[in-house]
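Keep in mind it's a predicted model, so treat the numbers as computed, not measured. As a basis for the values below, the full set of heavy atoms in this structure was taken, side chains included, without hydrogen atoms, waters or symmetry mates.
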Amino acid sequence: GNLFVVNIKDPEEWDIYGTIGKIGLDGSSEVFVRLPEGSKGNGLRFSNDYKTLFVADYKAHQILSVDIESKEVSVYAKQDSGMKQPNDIAVMDNGILFASDPSWADSTGKLWRVDLDGVFTELETKMGTTNGIEVSSDNKILYVNESLQRKIWKYNLNEMG
C-alpha cells in the first residue's frame with residue numbers, strides 16, 4: 001500500500017538528492033532513508049519477500065540494499081569500470097537482478113546482470129539508450145527499453161538469468 005520514491009524533499013535539507021521517500025495511502029510523505037554521502041538513487045525494486053529494497057545508485061555506480069525493518073543501507077553490488085550508471089533495475093524471483101545502463105550523452109547503453117553474490121556481468125553492449133527494464137511474471141522474459149530509439153527488446157531467460 002505504500003509508494004517508495006527516490007529523491008523526495010527532506011524538510012531538514014536543501015538538497016533533495018540522496019533520499020528514499022515513502023508515501024502513505026493517505027498521501028502523507030516522509031523521508032524513509034537517507035543514502036550514503038554521494039549516492040543518488042534512480043530505479044527501485046523490492047526483493048520478492050519485500051524485506052529488501054534495492055536502489056540503483058547511478059552516482060556511485062552501485063546497487064544499494066535497504067533493510068525495510070531496520071532501514072540499514074548497504075552496498076549490494078559495486079561496478080568500478082565499464083558502467084556509466086545503473087539506471088533502472090529488475091528482479092527475478094530467485095533474486096538475480098538486471099540493470100539498464102544508459103549513456104544519455106551519446107545515445108548508447110548497456111545491459112548488466114547482478115548475480116546473487118553481487119557480481120556485475122555485462123550482458124549487452126552497443127545498445128541504444130537503455131532505460132526501463134522488467135522481468136515477466138513467469139521469469140522467462142527480460143524486457144529492455146531503448147528510450148531514444150523507441151525500441152523494446154525481449155530476451156529469453158533461464159533460471160540463471
In plain terms, say whether [X] and [Y] are close enough for a salt bridge, that is, a side-chain N and a carboxylate O under 4.0 Å apart.
X      : Y      : result
Arg45  : Glu134 : yes
Glu122 : Lys110 : yes
Arg113 : Asp115 : yes

| query | Run the ring-ring contact (aromatic ring centres under 6.0 Å, His included) check on Phe4 and Phe46 step by step: do they pass? | reply | CA-CA 10 Å; Phe4 289 80; Phe46 278 98; 5.3 Å; yes

Do side-chain atoms of [X] reach the backbone of [Y] as a donor and acceptor pair under 3.5 angstrom?
X      : Y      : value
Asn48  : Met92  : yes
Thr19  : Gly21  : no
Ser136 : Ile141 : yes
His61  : Met83  : yes
Gln62  : Lys78  : no
Asn7   : Gly18  : yes

Can you find a heavy atom in the side chain of [X] that is under 4.5 Å from one in the side chain of [Y]?
X      : Y      : value
Val91  : Phe98  : no
Thr52  : Val66  : no
Asn42  : Asp57  : no
Asn145 : Ile133 : no
Glu124 : Tyr155 : yes

To the nearest 0.5 Å, tell me how far [X] [atom1] sits from [Y] [atom2].
X      : Y      : atom1 : atom2 : answer
Leu53  : Lys71  : CG    : NZ    : 12.0 Å
Ile20  : Arg34  : CD1   : CZ    : 12.0 Å
Phe54  : Ile63  : CZ    : CD1   : 9.0 Å
Ile89  : Leu97  : CD1   : CG    : 6.0 Å
Gln85  : Thr130 : CD    : OG1   : 8.5 Å
Ile152 : Asn131 : CD1   : CG    : 11.0 Å

| Pick one: which of Ser103, Ser100, Pro102 meets side-chain contact (heavy atoms from CB on, under 4.5 Å) with Thr129? |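 Exactly one pass, corresponding to Pro102.
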
| task | State, without any angle test, whether Asn87 and Asp101 hold a side-chain donor-acceptor pair at a distance under 3.5 Å. | result |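 No.
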
| said: For a quick check under 3.5 Å, do Ser74 and Ser65 share a side-chain donor-acceptor pair by atom type? | reply: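 Indeed, the side chains of Ser74 and Ser65 share at least one donor-acceptor pair under 3.5 Å.
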
| field | Face-on cation placement of Lys154 at Tyr143 ring, 6.0 Å and 45° thresholds | value |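 Pair Lys154/Tyr143 does not count as cation-pi.
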
| query | What are the two closest heavy atoms between Pro86 and Tyr58, and how far apart are they? | reply |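 Answer, listing the atom of Pro86 first, then Tyr58: O-CB, 3.4 Å.
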
| task | Run the numbers on Glu146 and Trp153 for side chain to side chain donor-acceptor pair (under 3.5 Å), then give the verdict. | result | CA-CA 8 Å; Glu146 292 178 329; Trp153 293 90; 3.0 Å; yes

